[in-house]
Amino acid sequence: MLPRAGQLLRSGGGRWQQPLAAARRGRSLPAAQMLCLRQTGNLKHHKAACYSTLVPSDVTVNYRYGLPVVTLMLPSRKERCQFTIKPMLTTVGTFLQDIQKEDKGIQRAEVFTTDGSKIPATALMEVLLMNDFKLVINNTTYSVQIPVKEKWSREHAAEAEDIKSLVHRLFIALHVEDHQLRRERELLQKLDHLKEQLVPLEQMKAKIATSADAKTNRLLWTGLALLSTQGGALAWLTWWVYSWDIMEPVTYFITYGSALAFYAYFVLTKQDYVYPDVKDRQFLHYFYRKSRSQHFDVEQYNQLKEALAEVEESLRRLHHPLHLQFPIQEINDKD
């Protein structure tokens, strides 16, 4: 393990005092460069460690403890710097930003494939490190060669997959119950909030619906009264005032006018003249007209009802035996 920078100054003996002793004796020290170690990835706080080494001439990639380590020369500081990459977490953009943070003199940092295609910043380093690539820093292009990783045997690969599956099951067993309880608590709070908002709207909606239904029923009874009056008038004119020969053309044109009115209803509403549909349409007409006069927001009411239905469906699915990991039970009553 490398000592930290503070430990270099406090060391009481050993090989750290040898360069000082040589300096006191008047000997010249060999030229050395400081190698700065920096870890990149999602971890935000790292401690840098420095030690003396010779200056390599290009960008190299090595694997250390299973993680790729990119070593390159910082142009302004003239130091070799190592960046430890977490391939599945670090993106190309994050890697380039870490390089620029380490050396403020870097104005341009880009990555290209060997054929000259630019690699986007959102690509994962795991994908980048599969093949050789070119690293451009300012006006210098470095050709980076990826070392061949040792391939695992089938037994090692199967063992790794078993370990991943075990870790996944352990994670689910430890966290799924807490997640479900937290999710259920959130849904219940949202359900109560929606019900509180719907209480005054439901009361106003019930009053408006009662008024609209009464007007619709009155309209239906008025239509029945008019048809009955029309039939009685035609019978009186046929048998007491005129004969059937005179009233026959009158009844024909009345029938033709009724057919024309039904056709006009279809042209205007794009619906057949079916009595239940006509009743519902007239009910909605009265309902919306009454809503505007009572300042009842129908759109808001519909949105709240849809949100309430979604929350109830989410709770139903959350309480399902498959989601709770309970034994599957036969359900006789299907909703």
Side-chain angles (χ1 to χ4, degrees), residues 187-320 323 331-335:
L187 291 174
L188 289 176
Q189 292 177 355
K190 187 176 181 180
L191 184 66
D192 295 338
H193 181 65
L194 290 173
K195 287 183 177 179
E196 290 178 0
Q197 290 181 313
L198 280 171
V199 168
L201 295 178
E202 288 285 0
Q203 296 175 354
M204 187 179 297
K205 182 244 181 184
K207 295 179 180 179
I208 297 175
T210 302
S211 177
D213 187 66
K215 289 184 178 181
T216 304
N217 289 330
R218 284 198 298 269
L219 181 63
L220 293 177
W221 284 105
T222 302
L224 178 61
L226 291 176
L227 290 176
S228 300
T229 303
Q230 180 185 13
L234 291 176
W236 178 68
L237 292 174
T238 301
W239 283 297
W240 281 276
V241 180
Y242 305 108
S243 64
W244 174 248
D245 295 335
I246 297 175
M247 294 303 300
E248 184 178 7
V250 177
T251 56
Y252 169 79
F253 282 106
I254 291 176
T255 304
Y256 180 78
S258 301
L260 186 62
F262 296 153
Y263 184 76
Y265 177 85
F266 172 77
V267 171
L268 295 175
T269 63
K270 302 299 185 295
Q271 294 179 353
D272 293 335
Y273 192 85
V274 182
Y275 291 114
D277 295 343
V278 174
K279 179 179 180 296
D280 294 339
R281 185 180 182 85
Q282 196 62 36
F283 171 81
L284 291 176
H285 172 71
Y286 287 135
F287 183 86
Y288 276 92
R289 189 170 67 179
K290 188 71 172 179
S291 298
R292 287 191 294 269
S293 63
Q294 296 291 331
H295 303 287
F296 176 74
D297 194 346
V298 179
E299 183 177 358
Q300 180 185 5
Y301 175 80
N302 292 333
Q303 291 177 355
L304 291 176
K305 292 291 288 185
E306 291 176 0
L308 182 66
E310 291 178 359
V311 172
E312 291 177 347
E313 178 64 18
S314 299
L315 283 173
R316 188 188 66 81
R317 294 180 59 187
L318 188 65
H319 292 161
H320 196 273
H323 289 259
I331 302 176
N332 297 326
D333 299 332
K334 294 183 178 180
D335 296 338

Subject >> Residue pairs, two or more places apart or on separate chains, that pass side chain to side chain donor-acceptor pair (under 3.5 Å) and touch residues 213-231 >> reply: D213-N217
**OP:** Could you list all the side chain to side chain donor-acceptor pair (under 3.5 Å) pairs where at least one residue sits in residues 232-252, not counting sequence neighbours?
**Re:**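 Qualifying pairs: none.
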Original post:
Quick one: salt bridge (Lys or Arg N to Asp or Glu O under 4.0 Å) partners of E313, sequence neighbours excluded?
Top reply: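 For E313 the salt bridge (Lys or Arg N to Asp or Glu O under 4.0 Å) partners, ignoring immediate neighbours, are R316.
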**OP:** Only counting residues at least two apart or in another chain, list the ones meeting salt bridge (Lys or Arg N to Asp or Glu O under 4.0 Å) with E202.
**Re:**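 Salt bridge (Lys or Arg N to Asp or Glu O under 4.0 Å) list for E202, sorted by chain: K305.
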Original post:
For the residue pair F283 and A209, what are the closest heavy atoms and their distance?
Top reply: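 Closest approach of F283 to A209, heavy atoms only: CE1-O, 3.5 Å.
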Rounded to the nearest 0.5 Å, what's the gap from [atom1] on [X] to [atom2] on [Y]? Could you check?
X	Y	atom1	atom2	value
Q303	E306	CD	CD	7.0 Å
K279	L284	NZ	CG	10.0 Å
L315	E310	CG	CD	12.0 Å

**OP:** Take Y275 and Y273 through the ring-ring contact (aromatic ring centres under 6.0 Å, His included) test and state the conclusion after the steps.
**Re:** CA-CA 6 Å; Y275 291 114; Y273 192 85; 5.6 Å; yes
[X]: what forms a side-chain contact (heavy atoms from CB on, under 4.5 Å) with it, not counting sequence neighbours?
X	answer
H285	Q282, R289
A233	none
V199	Q203
T269	Y265, Q271, R281

**OP:** State whether the side chain of S211 and the backbone N or O of I208 hold a donor-acceptor pair below 3.5 Å, judged by distance alone.
**Re:** no
Subject >> Any residue meeting ring-ring contact (aromatic ring centres under 6.0 Å, His included) with F296, in chain and number order, not counting sequence neighbours >> reply: Y301
**OP:** Quick one: do Q189 and D192 satisfy side chain to side chain contact (heavy atoms under 4.5 Å, CB included)? Show the steps, please.
**Re:** CA-CA 5 Å; Q189 292 177 355; D192 295 338; 5.7 Å; no
**OP:** Please assess M247 against V250 for the test side chain to side chain contact (heavy atoms under 4.5 Å, CB included), listing each intermediate value before the final yes or no.
**Re:** CA-CA 5 Å; M247 294 303 300; V250 177; 4.1 Å; yes
Subject >> L194 side chain near Q197 side chain, heavy-atom distance below 4.5 Å >> reply: yes
**OP:** Please say whether more than 12 non-hydrogen atoms of neighbouring residues, nucleotides or ligands are located less than 6.0 Å from OH in Y263.
**Re:** no
